[in-house]
Structure formats: structure tokens, C-alpha cells
Amino acid sequence: GLMPNAIVLVCTVRALKHQSGRFQVHPGKLLPEDLLKEDLDAVAAGSVNLQAHVEILQRFGVRPVVAINRFPSDTSAELK
């Protein structure tokens, strides 16, 4: 009968950009250089995936708290 008050959903700007579908990431290979550069359009496109996760949590009646793990390559504009 226990119900959490909130669930922490952790993401990164890099993951949001990857979810945009604009970058090819392969295990064991270096990340594409463009993935490490500021790309506000890719962040916006990838945030659709994050929004879907938030909506799923809300359907269960749980308040989502989104936390962003920051990488040195993240820009202030991308974090906003």
C-alpha cells in the first residue's frame, strides 16, 4: 500500500540530443564531435522523449522530478 510522493527522472543534455535521431552513437566508438557541440534544435527534438516519460509517470499519479546530470560540454543555453 505504499505510494511514492515523487520519482526522480535523470537525464543529460547529451542524451536528449541523442534522442533527436540526428546523431549515430555506437558502443565502443568515440562520440560524434557534433554531439558535443551546442545544438538547441537537437535538444528540443530530443526533449519529446523526455516529455513522454514524464507523462507516463504522471498517468500513474506520481509527481516526476527531472534532474539533469551535467557534462562539461553542456552549454547554459542547452540547460535552459
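Legend: residues meeting side-chain hydrogen bond (donor to acceptor under 3.5 Å, both in side chains) with Gln24, ordered by chain and number and at least two apart, are absent.
Between Gln19 and Leu16 there is no side-chain heavy-atom pair separated by less than 4.5 Å. Residues Val62 and Met3 are in side-chain contact: their nearest non-hydrogen atoms beyond the backbone lie under 4.5 Å apart.
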May I have the step-by-step check of side chain to side chain contact (heavy atoms under 4.5 Å, CB included) for Gln51 and Val48, ending in yes or no? CA-CA 5 Å; Gln51 181 62 38; Val48 172; 5.6 Å; no
Going through the distances and angles, do Arg22 and Asp39 end up as a side chain to side chain contact (heavy atoms under 4.5 Å, CB included)? CA-CA 10 Å; Arg22 299 176 185 186; Asp39 189 339; 4.0 Å; yes
Which is it for Leu50 and Leu9 under the side chain to side chain contact (heavy atoms under 4.5 Å, CB included) test, yes or no, and what are the steps along the way? CA-CA 9 Å; Leu50 177 63; Leu9 182 59; 3.6 Å; yes
Run the numbers on Gln58 and Val54 for side chain to side chain contact (heavy atoms under 4.5 Å, CB included), then give the verdict. CA-CA 6 Å; Gln58 288 173 332; Val54 167; 3.8 Å; yes
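Considering every non-hydrogen atom in both Ser20 and Ala42, the closest pair reads CB-O, 3.4 Å. Across all their heavy atoms, Glu38 and Ala77 have their closest contact at OE1-CB, 3.7 Å.
Following chains of ILVMFWY side-chain contacts shorter than 4.5 Å, one can reach Val66 starting from Phe60, so the two form part of one hydrophobic cluster. Note on Val43 and Phe23: separate hydrophobic clusters, where clusters join Ile, Leu, Val, Met, Phe, Trp and Tyr whose side-chain heavy atoms are under 4.5 Å apart, directly or indirectly. Cluster membership check: Val65 does not share its hydrophobic cluster with Ile68, using side-chain heavy-atom separations under 4.5 Å among Ile, Leu, Val, Met, Phe, Trp and Tyr. Linking Ile, Leu, Val, Met, Phe, Trp and Tyr residues whenever their side-chain heavy atoms come within less than 4.5 Å leaves Val13 and Leu40 in two separate clusters.
Judged by distance alone, with hydrogens and angles left aside, the side-chain atoms of Lys17 form a donor-acceptor pair with the main-chain N or O of Leu35 at under 3.5 Å. A donor-acceptor distance shorter than 3.5 angstrom exists from the side chain of Asp74 to the backbone of Phe71, with no hydrogens or angles considered.
Separating the CZ atom in Arg59 from the CD1 atom in Ile56 is a distance of 5.5 Å, to the nearest 0.5 Å.
Each side-chain hydrogen bond (donor to acceptor under 3.5 Å, both in side chains) pair with one or both residues in residues 25-35, not counting sequence neighbours, would appear here, but there are none. The side-chain hydrogen bond (donor to acceptor under 3.5 Å, both in side chains) analysis of residues 60-70, with sequence neighbours excluded, yields no pairs.
Under a cut-off of 6.0 angstrom, the local environment of CG in Leu79 is crowded, with over 12 non-hydrogen atoms contributed by other residues, nucleotides or ligands.
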